[in-house]
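Accompanying notes for the structure given below.
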Amino acid sequence: MKAILVHEFGGPEVLRLEEIPTPKPAAGQVLVRVHAVGVNPYDTYMRNGTYAVKPPLPYTPGSDGAGTVEAVGTGISKVKPGDRVYMAKTVTGAYAEYAIALESQVHRLPEKASFSQGAGVWVPYGTAYHALYHSAQAHASETVLIHGASGGVGLAGVQISRALGLTVLGTASSQKGLDLATREGAHLVFDHSKPGYLDEIMKASGGRGVDIVLEMLANVNLANDLKLLATNGRVIVIGNRGEITINPRELMGRRASIRAFTLWALTAAEEADVHAGLIAGLENGTFRPVVGKELPLAEAARAHKEILEPGAAGKIVLIP
Ligand code: NAP
């Protein structure tokens, strides 16, 4: 089979398409024929060798993908050959024509979702769902600011927030991203590349501030996020690429808090809760992953460059 292999940590050029033997599922494992692969920003940090999780070399990247079950090892009862599934983490890596996953890592992909949409479920929707339900404990009467609403996690956050009944403010830096966030349910959108947009957000909240911020770039925005919070407000740090100075006094008067997590550290019970919610949302059509671009697997390096550029517009998906 064809698969992307990383033999040394480095720039996008270390992603090489190679021919390797198709793996066979052992007991408790599932072999998935991958129809679409989800590209996530963390894939690029891991490839650079700067991420907290450093896989042994060589490795095939990717935790997100969707396809059909090709074969199962002994002891598998959850799925059978031919079933449509999305993967949430894998054993052998999703950037390939076939991938091995544990039984607990494959989940039914409802018919309403295409394979490309299924490749955009786990990291984006899992993160947004955990952020809103478990971390922020959001309520319908609240207002959420999705600071970075045009990308994978942000658009998932917009749809989930709307499904929950919240008032949704979103930001992006391109007209395409702003339009997408509006189309997917944001009540109001703001351009985070324009001076004065934070004042506009505060004005739009009637001077009260927002209850929840889902933050995609904390090292740039966290200090300002605190000033936008209403009483009992919560900033949920999702993305961060560096350091920032904040004034804790901004939290004190507001009885506010900053919460943060990584998806890797969810408990088994939280993961089960997340997947139950995601499958229900995909099935009833409230969660509709937005596929911005499909590229052949061989263009993984291009995908890794483009995902870090401004002007996000949904998911970048690789097609093996
Ligand atoms: P993505 O699809 O590449 O989208 C990035 C988003 O960040 C876009 O909406 C982009 O908007 C926005 N952005 C860029 N500059 C910004 C700024 N100055 N202020 C606010 N937003 C800004 O990435 P993603 O998959 O949505 O992930 C977003 C971030 O969360 C990444 O850093 C990722 O590593 C992280 N993440 C963390 C976890 C976790 O477990 N904690 C899980 C998933 C993702 P424009 O392009 O329109 O400017």
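Numbering of ligands and ligand atoms starts at 1, following listing order.
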Using a 4.0 Å cut-off to any heavy atom of [X], which atoms of ligand 1 qualify?
X	value
Ile307	3 (O)
Gly239	29 (C), 30 (O), 32 (O), 35 (C)
His147	20 (C), 21 (N)
Thr127	42 (C), 43 (C)
Tyr45	31 (C), 32 (O), 33 (C), 34 (O)
Ala312	4 (O), 8 (C), 45 (P), 46 (O), 47 (O)
Arg241	31 (C), 32 (O)

Which of parallel (below 30°), tilted (30 to 60°) and perpendicular (above 60°) describes Phe9 and Tyr59?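 If you compare the ring of Phe9 with that of Tyr59, the planes turn out tilted.
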
N or O contact, [X] vs ligand 1, cut-off under 3.5 Å:
X	answer
Val220	no
Gly314	no
Pro310	no
Leu263	yes
Ser150	yes

[Y]/[X] salt bridge by N-O under 4.0 Å criterion:
X	Y	answer
Lys2	Glu19	yes
Glu184	Arg162	no
Glu306	Lys293	yes
Glu309	Lys305	no

Heavy-atom side-chain proximity of Ser174 to Asp179 below 4.5 angstrom: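 Side-chain contact under 4.5 Å: no.
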
Within the 4.5 Å heavy-atom criterion, are Tyr125 and Tyr86 side-chain neighbours or not?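 Side-chain contact under 4.5 Å: no.
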
Protein residue, atom and distance nearest to [atom], heavy-atom basis:
atom	value
atom 14 (C) of ligand 1	His192 NE2, 3.9 Å
atom 48 (O) of ligand 1	Ser173 OG, 2.6 Å
atom 26 (O) of ligand 1	Val153 N, 2.9 Å
atom 7 (O) of ligand 1	Met216 CB, 3.8 Å
atom 19 (N) of ligand 1	Asn221 ND2, 2.8 Å

Under 6.0 Å between the ring centres of His304 and Tyr95?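 Under 6.0 Å, so yes.
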
Would you call [X] a ligand 1 contact, heavy-atom distance under 4.0 Å?
X	value
Ala149	yes
Trp264	no
Gly177	no

For ligand 1, is any non-hydrogen atom under 4.0 Å from [X]'s backbone (N, CA, C, O), its side chain (CB onward), both, or neither?
X	value
Lys315	neither
Leu217	side chain
Leu308	neither

Any donor-acceptor N/O pair, Gln117 side chain to Ser114 backbone, under 3.5 Å: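 Yes; at least one donor-acceptor contact below 3.5 Å.
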
